[in-house]
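These notes concern the structure reproduced below.
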Amino acid sequence: MNIGPHEEDRDITEVSARFTRGAHRGGPDALIRMGLELALVLVDAAEAAGSLALGRFEHAATRCAQAGIPIEAVHAVLRDSVDAGLAAPAADSPGRRTARDRVEPGVLSEFLETLNSVVARSYAN
C-alpha cells in the first residue's frame with residue numbers, strides 16, 4: 001500500500017531495518033528521526049488526499065459547465081458554501097470559536113482562489 005507519492009521509491013529492506021525491534025535502543029536521536037519520517041508520511045498522505053479532492057471538485061465543475069450552468073452561479077454557490085462551513089460552530093459548545101476565527105486571514109482567500117481557478121479551468125475546457 002502506498003500512502004504518499006514518494007513511498008514507491010523507498011527500499012523495503014531500508015524501511016524494515018529502521019523499524020526492527022532494537023531500533024528504540026538508538027536513543028533520542030533515533031526516536032526524533034522516526035518521528036520526522038512519520039510526519040513526512042502524513043504530509044504525503046495529506047497532499048494525496050488534497051489532490052484527490054480537487055480532482056473530484058474539478059470533475060463536478062466540468063459537469064456544471066456541460067450542463068450549461070453559468071460560471072457566476074457556480075462561483076456564488078462556492079463562496080456561499082465556504083462561508084456557511086466556516087460560520088458553523090466548531091462543536092456544540094457555545095464557548096468554542098467558529099472555524100473562521102481559527103483560520104489565518106490569507107489562507108481563506110488563497111483557498112477560495114484555488115477553488116475558483118479550478119472552476120475557471122473546467123469551464124475553459
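All of these numbers come straight from a predicted model, not from anything done at the bench.
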Are Leu40 and Ile32 joined in one hydrophobic group, where the rule is that I, L, V, M, F, W and Y side chains link up if heavy atoms are under 4.5 Å apart?
-> no
Nearest-0.5 Å distance that lies between atom CG in Leu112 and atom OG in Ser81 = 10.0 Å
Can you list the steps and then say if Phe57 with Leu78 is a side chain to side chain contact (heavy atoms under 4.5 Å, CB included)?
-> CA-CA 11 Å; Phe57 181 72; Leu78 177 61; 3.9 Å; yes
Measure the shortest side-chain to side-chain distance between Val118 and Arg121 over non-hydrogen atoms and say whether it is less than 4.5 angstrom.
-> yes
For the atom pair NE2 (His75) and CD (Glu72), what is the distance rounded to the nearest 0.5 Å?
-> 7.5 Å
Inter-residue atom distance Arg79.CZ - Leu115.CG, 0.5 Å rounding | 12.5 Å
List in chain and number order the residues that pass side-chain contact (heavy atoms from CB on, under 4.5 Å) with Ile69, two or more places apart in sequence or in another chain; answer none if no residue qualifies.
-> Cys64, Ala67, Ala73, Val74, Tyr123
In terms of hydrophobic clustering (I, L, V, M, F, W, Y; side-chain heavy atoms under 4.5 Å; direct or indirect links), are Val77 and Ile71 co-clustered?
-> no
